Amino acid sequence: MRAIQITSLDGPDAVTLADLPDAASDSQVVIEVKAAGVAFPELLQTRGLYQMRPGLPFVPGAEVAGVVRSAPDGSGFAAGDRVAALPMLGGFAEVVTASPDLTFKLPDSVTFEEGASFIFNYGTAYFALVERGGLREGESVLVQGAAGGIGTASIQVAKAFGAARVVAVVSTDEKGKVAVAAGADEYVLADGFKDAVGKSIDIVVDPVGGDRFTDSLRTLKDDGRLLVIGFTAGSIPEVKVNRLLLNNISVVGVGWGAYAMSRPGHIGTEWNAMLPHLESGVLKPIVGGSYPLAEAAEALKSLETRKVTGKVVLVP
């Protein structure tokens, strides 16, 4: 099979296309990959900066969609099934294996590219808003970095699970249009968003961090929650906790991966909660860029520009 390997920690330009033996297993689901999600952790892995540091060389790729080639007895899967899965490694290839409990049947209405864009982003958004943020019917949600993969997923999950108003914060009007197309009720530009929004928000979803953090806190109403998902701006902000005390607001950490992976069946529960909305099209991943496997370096580098909207995928 053809696969992308990280052979040195010199960045995305150093990844190589290799011919390797087909992935195979009697205990896992063997999947012919039709699309593989490309995310920031894979970019970090090319430089050895991610917490998961496999020995070199290795095939990256944590999220895929494809067709089952074989599956163990009792797994609930059979050859020919359309699935989305989290192999965690090895997805940037034509064939990969995944644990049965991290493999999910993909509705026929969902494309492989959309399937490879779903579990990580939408699982994170669901965990953030519903499980950690306690989203209630009728609340207002502000989403930072709203045109990206996590941002567009958060917009759709917020609307699907009861938010009355979703405000997207973006850097350009073009990205604002992407956010509105994803389901946001309105968008505001990052420059001056605090004054544009006022103190009208129940929950802030923040995968950006950096200089926006303090102004995000200032948009929260009493009992508001700011959900810390990541720091794509590069800097990790600090909070003066007297702001939390005086305004009766909360800053909530959202570490979906470590939490979900250490609790067998948790991702399946989230999948089942979101599945009706995925089938209906209320949850519909935005695919922002599709690259052939041989152009994995370009796909990874596209994440560094911060111009990407939605999710980037590789198509073997």
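As the structure is a prediction and not an experimental result, all values here were calculated from the model. For the single chain, residues carry numbers from 1 onward in sequence order.
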Does a salt bridge link [X] with [Y], judged by any charged N lying under 4.0 Å from a carboxylate O?
{"X": "Asp215", "Y": "Arg218", "answer": "yes"}
{"X": "Arg212", "Y": "Asp206", "answer": "no"}
{"X": "Asp10", "Y": "Arg47", "answer": "no"}
{"X": "Glu139", "Y": "Arg136", "answer": "yes"}

side-chain contact (heavy atoms from CB on, under 4.5 Å) between Ile4 and Thr16, worked out: CA-CA 6 Å; Ile4 293 296; Thr16 60; over 6 Å; no
Test: Arg82 cationic atom under 6.0 Å from Phe112 six-membered ring centre, within 45° of axis: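 So Arg82 does make the cation-pi contact.
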Ring of Tyr259, cation from Arg263 - is the NZ or CZ under 6.0 Å from the centre and inside 45° of the axis? yes
In one Ile/Leu/Val/Met/Phe/Trp/Tyr side-chain cluster, 4.5 Å: [X], [Y]:
{"X": "Val287", "Y": "Ile155", "value": "no"}
{"X": "Val38", "Y": "Leu293", "value": "yes"}
{"X": "Phe58", "Y": "Met88", "value": "no"}
{"X": "Phe213", "Y": "Leu142", "value": "yes"}
{"X": "Val254", "Y": "Ile150", "value": "yes"}

So, the side chain of [X] versus the backbone of [Y]: is there a donor-acceptor pair under 3.5 Å, distance only?
{"X": "Arg53", "Y": "Gly48", "value": "yes"}
{"X": "Glu63", "Y": "Phe120", "value": "yes"}
{"X": "Gln156", "Y": "Ala153", "value": "no"}
{"X": "Lys105", "Y": "Ala84", "value": "no"}
{"X": "Gln28", "Y": "Ala71", "value": "no"}
{"X": "Asp81", "Y": "Val68", "value": "no"}
{"X": "Ser250", "Y": "Val252", "value": "no"}
{"X": "Glu298", "Y": "Glu295", "value": "no"}

Mind checking whether Asp223 and Asp202 have side chains closer than 4.5 Å, heavy atoms only? no
Taking side chain as C-beta onward, heavy atoms only, is Ser154 less than 4.5 Å from Val157? no
Glu113 and Ser290 side chains, donor-acceptor separation under 3.5 Å: no
Under 3.5 Å, is there a donor-acceptor pair between the Ser200 and Arg165 side chains?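 Note: Ser200 and Arg165 side chains meet the donor-acceptor criterion.
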Give a yes or no on whether [X] atom [atom1] has more than 12 heavy-atom contacts from other residues, nucleotides or ligands under 6.0 Å away.
{"X": "Lys284", "atom1": "NZ", "answer": "no"}
{"X": "Asn272", "atom1": "CG", "answer": "yes"}
{"X": "Asp191", "atom1": "CG", "answer": "no"}
{"X": "Lys177", "atom1": "NZ", "answer": "no"}
{"X": "Asn248", "atom1": "CG", "answer": "yes"}

Please find out if less than 6.0 Å separates the ring center of Phe118 from that of Trp271. yes
From Asn121 CG over to Ile229 CD1, what is the distance, rounded to the nearest 0.5 angstrom? 10.0 Å
Closest heavy-atom pair, Pro72 versus Asp26, reported as atoms and distance to 0.1 Å, is CB-O, 3.4 Å
